[in-house]
Each structure stands twice: as structure tokens, then as C-alpha cells.
K.L.:
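One structure, pasted below without further comment.
Not measured: the values here are computed from a predicted model. Side chains included, hydrogens not; waters and symmetry mates left out as well; all remaining heavy atoms used.
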Amino acid sequence: MSQDALVIFTPSGKRGRFPVGTPVLTAARQLGVDLDSVCGGRGICSKCQVTPSVGEFPKHGVTVEPDALSDWNAVEQRYKDKRGLIDGRRLGCQATVQSDIVIDVPPESQVHRQVVRKRAEVRDITLNTAVRLQYIEVEEPDMHHPSGDLERIKTALHDQAGIDRVEIDVSLLPSLQPILRKGKWTITVALHKDHDSEVSQIIRVWPGYYEGSIYGLAVDLGSTTIAAHLCDLKTGEVVASSGIMNPQIRFGEDLMSRVSYAMMNEGGDQEMTKAVREGMRALFDQIAGEANIEKDLILDATFVCNPVMHHLFLGIDPYELGQAPFALALNTSLSLKASDLELGLHQGARVYILPCIAGHVGADAAAVALSESPNTSEDLVLLVDVGTNAEIILGDKSRVLACSSPTGPAFEGAQISSGQRAAPGAIERVEIDPVTKEPRFRVIGSEKWSNEEGFDRDIATTGITGICGSGIIEAIAEMRLAGVLDASGLIGSAEQTGSARCIPDGRTNSYLLWDGSADDGPIITVTNPDIRAIQMAKAALYSGARLLMDKFEVDTVDRIVLAGAFGAHISSKHAMVLGMIPDCPLENVTSAGNAAGTGARIALLNIEARTDIEKTVGEIEKIETAVEPRFQEHFVNASAMPNSADPFPILNSIVDLPDVSFNAGGGEEAGGRRRRRRRG
């Protein structure tokens, strides 16, 4: 029988026999156990902490004696005195196996540890980053055995960390020798190894043992906003989040306006590329300042964006995306140096750009698919990333379809008479009494409704400035529920509705939501052009979803997930009243927040997810709405609120939609529901 000791690691359950005197870290490495170490087993980094167990373990068939590991040594004592070590913990590089032992690897010592979500939209992620730190001791040069410093660094990485096939970013070569000598022949290197590469690239070097963190950025480059999450690559924690308006807005609020600008202005595409990269640099300065870190500690970044933003970010003219067949220059993922994109990060920093799905379904939709995993869903789920260009995914584990619909910027407050971006002072929630037709509302910056005590005090500094996207959605849906707006989108007159808030506005009527003129404030109304803009946007969104349902040969879906910053704030009931989304139990309509940003974060923190999304994108069936004959039919039907053809039985069981019509003078008369007839 073998005299070697049995070593069992938990929670992995991996086991093997090793000679007495084998370091725990060595046993873990040979078994492929997930035990971290940066310093190469020198007792410096403390990443390899383990907890040995003592006693009877019938499950494993072993009895562990108290002396199953070597005695506590001076290195461990020194570390505990200086930095503290939890009682019962040992350093895996110092403790050696003496007899059969069960060893637990705590979560914080695992390389691929779980990052626990702290917000609802961020799921648990297995930490497996492209960039890792490694401390090494390098042999000094010897005249009798001449070799270059880089060659001896590669040898040290092979001998001390088992890392083969190493290259170095050429930009680091001028500083390599001074750093190596400053560290007295010890250095910490940042190694980048992507999911599809066998080569580890040295992308940054520190003298001696570097104890600090390194960081990565997960960036959602949208047509309206650019949002970024700064993550600690050693812990997976989001240390700062920030966003700015996309500076390309000055060239056009919607994507096709920007494509047109590039077509009509020589060098227009380069102007927009320059603008978005300048915006990126400003955002990265801002987020590093908020986190109080040096920007050159950001060594990796992932980007998601729609196809037009993708091309303009990369410096590609989006001309082909503006006309059929909407051909992408490329739809595969890209791994680049940050310096290639002029991002102002460390010279060795790397960038991964997720793959696009189709000509109008971009890497942001791919990131939503990565975050929400429709391809593994047992039920049929509809994912809608609501933005200037709605990207829609429908699928389950049998198949996944995707398309896009040009909703325009109306959902974000643009093209609305009193519309504005979501900011303090903007109306974001609306309720209208169905009897009195009187409104109440909430504004960003206050938790109180406008008819509650303390509201005026809450908004004293911001005032009431306009209405944002979620506010206009709720206002129009509430007008429909209160009977001041008919299914076709017409607002009734004061006589027809019985409300003085319905005021003449040219040849139509508007609904007065707020009159601040007495205090030199704005008059906020909902006009018929406002309603038309929302009708066109919601009809485009619904038609895209309905088209995918046709392909699945279904009339209903099991779940709906609203993604995007706007999707996170709209009411599912009000969205359904307008007919933005298909009929569905309200409890099955949820928000995923910025799911595209979440997907970018997953790809940043776990490189295996990059392989997953590349495979998934290849399997998604792309539907081009522009060439589908039924899209226009669905669009016309979806212009009504909620819809002129689809029945919406679930919605009708929840709310009572007044049967009114204000077309050509028709409508309620003194509270009745009969329509007036025209006289011949």
C-alpha cells in the first residue's frame, strides 16, 4: 500500500496521493485545484490561504490527525503579525503534507471565485480574467552564461509559475531593464492571455512585489449615452460606474441621421470617430477620478455597441449600413490594443469588442443575450433592449431569433414638445384620475407625488423642468385609461372629455399636465404630435417583436424582459396599455436594467464567456424587418393603442380601456359612449 499521503481538497472534491513534505500549493497545482498564488509560493502574496480540517470524514473515508500538516512556521507568523491571518488558516505555499488531510479552499483563495451580485441586474460571475499578476525572481546576468533580461524573465515565468509561450508588448522594452534593476531582480508582471490564445503577453511590469489592484472597464457605447463600469480585476467588484452623453449627438440624434451625415459630408465619419474617442477619454478620466485610481492601472476593457457605433468607434465608414443589404464590415469579435483606438489608457492595455449579430443587431444585443441566456431558457422569452434602435431577441433552448426596429429617440424624451433627458426636475411618473381627469406626478429628485405635502419643498432647487421618456409613456397610457385619448391617438376636446385640461392646440387638442407660468416655470402639455411620435416608436418596437413571434408560429410569449436604461424605468402595465409589448401576465414582465452593460462586464471578468457569446451569436437566426412583408401590416395594426388587430385579453382582464373615439367630432357626449354620426 502506498506510503504517500491522501490529500483531498474541498469544495472541488479533487484528491490525490503525494509524498510527505509536498507543499499544499504544489499538490493543488498538480491536481488542478483552483488555488490562487501570485508570488510563486514565496509567502509574500497570501493568496494561497487554506483551511485544514481535523477529525473523522466518513464521506471521504479518512481520519485527519492534528499533525497532518507541518508546523506553523516563521513565514506564516511574520505574515500574520504584519497583515493578519484568520485563525485556522495556513499558507498553502508554506504548509507541507505529513499525512492524510482534508483541505478547504475558501472562496477568496480561489482564482475563479464567484463574484456575488450587489444589484439585481448583475448576476453572479465566475472570475476568470484575461489579465493576471505574477511575481517572479529573475536570475542576475552572468558573463559566463550570457542571455538577455527578457529571456531570463521568460525562464523565471516557466520555472516559477509554469507559464510557457510568453511575449512582451514592444512598448515596454525601453523601461524593462530599469524596472528589473530597481526591483533588485524581482518584478511583478501583468500577463494578458485571451480566450482564443495560447500566448501570454506581458503588458505591464512593476519593480519588486506589486500589492495593488489592476482594473478593467466594461463599456456600453450607445447612440445616446456611453456608460462604463470600472471593475477591480482581482476581486470582480465594480468600484465605480459613470456615463456621459455621446458627443456624436451633435451630428444627429438617431443612427440613420449619423449615417446620412457621413454620406453627405466628406470626412464626416472621421469627425464622428474622433468625437466618440474624445468622449471615451473624458469618461475614463472621470471614472478613474471617481474611483481615486491612476488611469494607467486600467489594463483591460470590453465594449458593446450597436453596428453603427461599432463602425464609427473603429473608424469604419458606416455607409454600407445605411442601405440594403446593410452589410457589416465585420461581425466577428475583435481583440486589440487600447492604443490602436486612442483611448488614453496604459500603453499595454487591451480591448475586447463583442461580436455583432447582423447589420442592425449589434454587439449590445449580443451582450444582452450573454447576460440573459435565452438559448438556455425552458420557456419562450422575449428580450427587448429599448433604445434609439430597439434590438429584440426571442428564443428558448430550441432556437433564438433576433431583429432590430428603428424606434427613434422619442422614448428618451426627444421629439417630445416638453421632453428632456432623465434628470432632476423631469416628470417621470404620472397618474390621472379616471373620473376627474386630474393628474398627479412625480419628478426625478423627489419621492413624493405632486399632490403630497412636502413636494414643493423637495423640488425647490430643481423645479419642474419637463418630462422624460418614462414620464411620457405613463402620461399617454394614463390619458388612454382616463378616456381623454382614443385608441387612434386623438385627444378629445374639453366638451368631449369633460375636462378643462384638454385645451385647443391648432386643429387638435393637447392635455395640460402642468402650468408653472405663475412662477415663470414651463407649461408642460402632451400634444398630438407627441402622441404620434410615441405611436410610431412603439409600433416599430411591437412590430419587430410580433414578426419574431410569427417566425416561432406563436401568438403569446411566456416572459418579457425589458433591458436598457429606459427599459429599467418604464411601467410594464403602461407599456402594455400603449401596445409597446405583447400581451403577457404583468408578473412575467421584468426589467434587466442595463443588460448590455452587464454582458460587457461578464465578458470582462470571465474570458470563457467570450467563447460562449461567439458561439451563441453564430447560432442566432437574424431576421431583417425591412424585407419582411408582414412588418408593415403589424406596424399599421400596432399604431392603435394597444392594437387594432391583436386582442390583448390579459390586459383587458386587468384594466378597462374606454371605448371612445374623437375622430371627426365623434366621442363621448356628456359622459356617454355613443359616437356622433355625420349628417349628410
Side-chain angles (χ1 to χ4, degrees), residues 25 29 34-48 92-93 109 111-112 127-142 147-217 231-236 293-301 335-339 345-352 604-605 607:
L25 179 60
R29 283 178 169 171
D34 203 14
L35 180 58
D36 203 356
S37 175
V38 171
C39 70
R42 293 173 178 79
I44 299 174
C45 71
S46 83
K47 299 294 184 184
C48 62
C93 62
S109 296
V111 179
H112 306 107
L127 196 61
N128 183 17
T129 56
V131 182
R132 301 270 295 279
L133 296 179
Q134 183 65 50
Y135 170 82
I136 53 174
E137 295 176 353
V138 183
E139 284 189 11
E140 296 185 36
D142 185 343
S147 62
D149 287 348
L150 177 58
E151 283 63 40
R152 282 180 278 104
I153 288 171
K154 290 181 178 181
T155 299
L157 285 168
H158 174 272
D159 294 345
Q160 298 168 33
I163 300 172
D164 296 317
R165 299 193 64 184
V166 177
E167 295 178 359
I168 189 167
D169 190 283
V170 68
S171 64
L172 300 182
L173 289 175
S175 61
L176 185 64
Q177 289 188 305
I179 290 174
L180 189 55
R181 283 150 182 81
K182 183 178 179 181
K184 298 179 180 178
W185 309 104
T186 66
I187 55 173
T188 302
V189 296
L191 294 161
H192 178 275
K193 184 180 177 184
D194 214 336
H195 64 299
D196 57 355
S197 175
E198 295 299 320
V199 178
S200 296
Q201 289 271 353
I202 300 173
I203 61 172
R204 180 151 187 187
V205 185
W206 292 264
Y209 176 62
Y210 173 66
E211 298 186 72
S213 284
I214 53 175
Y215 300 90
L217 286 164
C231 301
D232 186 324
L233 295 182
K234 292 172 71 174
T235 66
I293 69 159
E294 295 295 327
K295 193 170 67 167
D296 66 1
L297 289 173
I298 300 171
L299 298 180
D300 199 14
S335 295
L336 306 168
K337 292 179 62 174
S339 58
L345 300 177
H346 183 269
Q347 56 193 356
R350 294 304 198 261
V351 163
Y352 175 78
L604 174 70
L605 297 178
I607 57 173

K.L.:
Measuring only between side-chain heavy atoms, which start at C-beta, is Leu604 closer than 4.5 Å to Asp300?
P.N.:
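Yes; the side chains approach each other to less than 4.5 Å.
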K.L.:
Any side-chain heavy atom of Val205 sitting closer than 4.5 Å to one from Leu180?
P.N.:
no
K.L.:
Could you tell me whether the side chain of Arg204 and the main chain of Asp296 form a donor-acceptor pair under 3.5 Å?
P.N.:
yes
K.L.:
Taking salt bridge (Lys or Arg N to Asp or Glu O under 4.0 Å) as the test, write out the residues that go with Glu139, two or more places apart.
P.N.:
none
K.L.:
Roughly how far, to the nearest 0.5 Å, is the NE2 atom of His158 from the CG atom of Asp164?
P.N.:
4.0 Å
K.L.:
Return the minimal non-hydrogen interatomic distance between Gly212 and Leu133, and the atom names on each side.
P.N.:
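Gly212 and Leu133 have their closest heavy atoms at O-CD1, 4.0 Å.
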K.L.:
Looking at Val131 and Ala190, what are the two nearest heavy atoms and their distance?
P.N.:
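The answer is CG1-CB, 4.1 Å.
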K.L.:
Restricting to non-hydrogen atoms, name the atom on Cys48 and the atom on Cys93 that form the minimum distance, rounded to 0.1 Å.
P.N.:
SG-N, 3.3 Å
K.L.:
Minimum heavy-atom separation for Ser200 to Ile163, with atom names?
P.N.:
OG-CG2, 3.8 Å
K.L.:
Please name all residues satisfying ring pair (Phe, Tyr, Trp, His ring centres under 6.0 Å) with Trp185, sequence neighbours left out, ordered by chain then number.
P.N.:
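Here no residue qualifies.
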K.L.:
With heavy-atom distances below 4.5 Å as the criterion, would you say the side chains of Gln201 and Leu172 are in contact?
P.N.:
no
K.L.:
In Å and rounded to the nearest 0.5 Å, what is the CZ to CG distance from Arg29 to Leu35?
P.N.:
8.0 Å
K.L.:
Kindly state each residue pair satisfying salt bridge (Lys or Arg N to Asp or Glu O under 4.0 Å) with at least one member in residues 186-203, sequence neighbours excluded.
P.N.:
Asp194-Arg610
K.L.:
Keeping to residues at least two apart or across chains, list the ring pair (Phe, Tyr, Trp, His ring centres under 6.0 Å) pairs with something in residues 193-213.
P.N.:
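Listed by first then second residue: Tyr135-Tyr209, His195-Tyr352, Trp206-Tyr210.
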K.L.:
When you look at Ile168 and Leu150, which way does the side chain to side chain contact (heavy atoms under 4.5 Å, CB included) test go after all the steps?
P.N.:
CA-CA 8 Å; Ile168 189 167; Leu150 177 58; 3.7 Å; yes
K.L.:
Report the C-alpha distance between His192 and Leu299 in whole Å, list the side-chain angles of each, state the deciding distance to 0.1 Å, and finish with yes or no for side chain to side chain contact (heavy atoms under 4.5 Å, CB included).
P.N.:
CA-CA 9 Å; His192 178 275; Leu299 298 180; over 6 Å; no
K.L.:
Would you name the heavy atoms of Ser171 and Pro174 that are closest together and state the gap between them?
P.N.:
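Taking Ser171 first and Pro174 second, the nearest heavy atoms are O-CD, 3.5 Å.
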K.L.:
Between Leu127 and Thr235, is any pair of side-chain heavy atoms under 4.5 Å apart?
P.N.:
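Not touching, per the 4.5 Å side-chain cut-off.
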K.L.:
Does Asp159 have any side-chain contact (heavy atoms from CB on, under 4.5 Å) partners at least two apart in sequence or in another chain, and if so, which?
P.N.:
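Expected list: Thr155.
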K.L.:
Got Ile202 and Leu191 here, is their nearest side-chain heavy-atom distance under 4.5 Å?
P.N.:
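With C-beta onward as the side chain, the pair touches.
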K.L.:
Once rounded to the nearest 0.5 Å, what's the spacing between atom CD1 of Ile203 and atom NE2 of His346?
P.N.:
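Ile203 atom CD1 to His346 atom NE2 measures 8.0 Å (nearest 0.5 Å).
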K.L.:
Can you tell whether the side chains of Arg152 and Asp142 come within less than 4.0 Å, N to carboxylate O?
P.N.:
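No.
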K.L.:
Go through Leu157 and Gln134 one step at a time and tell me if the side chain to side chain contact (heavy atoms under 4.5 Å, CB included) criterion holds.
P.N.:
CA-CA 8 Å; Leu157 285 168; Gln134 183 65 50; 3.9 Å; yes
K.L.:
What's the verdict on side chain to side chain contact (heavy atoms under 4.5 Å, CB included) for Ile136 and Ile187, showing C-alpha distance, side-chain angles and the deciding distance?
P.N.:
CA-CA 6 Å; Ile136 53 174; Ile187 55 173; 3.7 Å; yes
K.L.:
Does Glu211 have any salt bridge (Lys or Arg N to Asp or Glu O under 4.0 Å) partners at least two apart in sequence or in another chain, and if so, which?
P.N.:
Arg83
K.L.:
Under the 3.5 angstrom rule, does the side chain of Thr188 hit a backbone N or O of Gly208 as a donor-acceptor pair?
P.N.:
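Checking the backbone N and O of Gly208 against the side chain of Thr188, a donor-acceptor pair under 3.5 Å is found.
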K.L.:
Under the 3.5 angstrom rule, does the side chain of Arg181 hit a backbone N or O of Gln177 as a donor-acceptor pair?
P.N.:
yes
K.L.:
Flag the pair Ile153 / Leu176 as yes when at least one side-chain heavy-atom distance between them is below 4.5 Å, and no otherwise.
P.N.:
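Heavy-atom side-chain distance check passes, below 4.5 Å.
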K.L.:
Are any of the side-chain heavy atoms of Leu605 and Leu233 separated by less than 4.5 Å?
P.N.:
yes
